[in-house]
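What follows is a set of notes on a single structure, which appears directly below.
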Number of protein chains: 2
Amino acid sequence: MREIIRANNSGFCFGVERAVKQSFDFVSPQGRVVTLGPLIHNKDVTQKLANKGIHEISMEDIPSLMKEDTVIIRTHGVAMAVYDELKEQGVSIVDLTCPYVINIQKKVKLHHDKGYKIVILGDEHHPEVVGINGYCNNSAYITKSGEIDFPMKGKICVVAQTTEKQSNWVKLITNIAETAKEFVAFNTICKATEDRQKSAEEISKEVDAMIVIGGYTSSNTTKLYEICKKNCPMTFHIENAGELDEIKEKIKNAVRVGITAGASTPEWIIKEAMENL
Amino acid sequence: MREIIRANNSGFCFGVERAVKQSFDFVSPQGRVVTLGPLIHNKDVTQKLANKGIHEISMEDIPSLMKEDTVIIRTHGVAMAVYDELKEQGVSIVDLTCPYVINIQKKVKLHHDKGYKIVILGDEHHPEVVGINGYCNNSAYITKSGEIDFPMKGKICVVAQTTEKQSNWVKLITNIAETAKEFVAFNTICKATEDRQKSAEEISKEVDAMIVIGGYTSSNTTKLYEICKKNCPMTFHIENAGELDEIKEKIKNAVRVGITAGASTPEWIIKEAMENL
């Protein structure tokens, strides 16, 4: 008899839940409705949105927007310059930036204006980090591993991408403490990420196999996978329940199977996967 | 042939130099001149001061001071409450608090007033730390080793006793980063201490024996001794050149002998020791 154990705090976080709900509920008075980049890192959700007529555009498409169009800004947020561009274009904006990300953007702007050098723990290519960097004139020093390759001089302000790993945060701060004389540190790894990682860590120690559901380009899902893999060698990362067929053969002898899911994995996919197992 | 190598940056630091000079130069218009605690951790200097009529008193002696008396505040500084007490007594104050210590006191007061919890890396019984703690209503969490025994909640402001070891600073910051969500860190270990420790570290790796000169109750001298002892097992801590006689027998085979001295060791004692060796 197989036991399926779902980790606490798996699936949509507060910010994503809000963004998805408001996007699906949004009724345009006129013109097109578009999202700047995929609303969330989940193809099922973005496909459903497309079916509703809400398509994804990229930054390069902004000049072709019309005054009657509406642009949805996703949870990751965007740089200040992007708001300016959209305003110039005259479009309506539905800003669904996660409030926790807005908090980081504000802190970065405030400290940059005060002359602090900004350091971000995160992935320089991730839209959340690209956006945050836009609040300090793209001058941030960005590190993914927590390693820094030169001594930090002057006043430093350190923040983190909301979905970063706590261990990398501690590594970065330790490295900065080696050389910086004055720094202010805001651990902006969000509580939901922290809780999700902790729950996944616990469950993955107790099971024979572990399934991590979430987009392949999702930062927080990738980190969940890394954490689980450390404790449970039989850990698999899938995007949706359909991909389980191949894995089921490999985990046929697993009695206890754990499941967790990234912040952009909708409830229905988690339920489907649990039933499939 | 023996080689005596003096470490750079040994002896009086800027703050101590200033305090000793101004104390010896001070001419009282009337009344007694006293220091609140020994001016520096060096008996030869305090004895010379006493010969000049400047004696040491303790906090408990303040109520017996007269209006015409002058109180010298030493480099370590004192709590705000002590200034109040002295003012109430009506005495004159010659404040020789090290400017670097004043900087710490100001930062602590500012952040305490803003609601930060103050954390001090240092020795809770050291007068500098006792004084700094007096700028946050004696509410600071004080740790000597850098270990903390509970999670740090809320906003934290971290400072260090000027004579602390850098390695303990990094340890403390790492520990705080594990749990604190927001903190500001001022590495207030003073440059003179840092330079003195670095020079002692280098020299102690190259010599057969190492002599560290400074008061037995001097915080920065004790740390110099620890650093040197790690690299050179034949390290000795002395207060003055007279104590060398006993040690000379032990180091008779040492060809290269290193010398360093704490911030409160006057030049004449270092020279005497070098000649004696």
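We name chains A, B, ... by the order of the sequence lines, and we start the count at 1 in each one. Reckoned from all heavy atoms, side chains included, excluding hydrogens, waters and symmetry mates.
Side-chain contact check for A:Cys98 versus A:Glu128: every heavy-atom pair is 4.5 Å or farther apart.
Counting non-hydrogen atoms of other residues, nucleotides and ligands closer than 6.0 Å to NZ of A:Lys109 gives a total of 12 or fewer.
Here the closest heavy-atom approach between residue B:Ser219 and residue B:Gln161 is recorded as OG-NE2, 3.4 Å.
For the options A:Trp169, A:Phe186, A:Phe183, heavy-atom pairs under 4.5 Å to chain B are most numerous at A:Phe183. Counting heavy-atom pairs closer than 4.5 Å to chain B, the top residue among A:Lys155, A:Glu178, A:Lys181 is A:Lys181.
With a 4.5 Å cut-off on non-hydrogen atoms, A:Gln166 touches chain B through its side chain but not through its backbone.
A salt bridge links B:Glu267 to B:Arg6: at least one charged side-chain nitrogen sits closer than 4.0 Å to a carboxylate oxygen.
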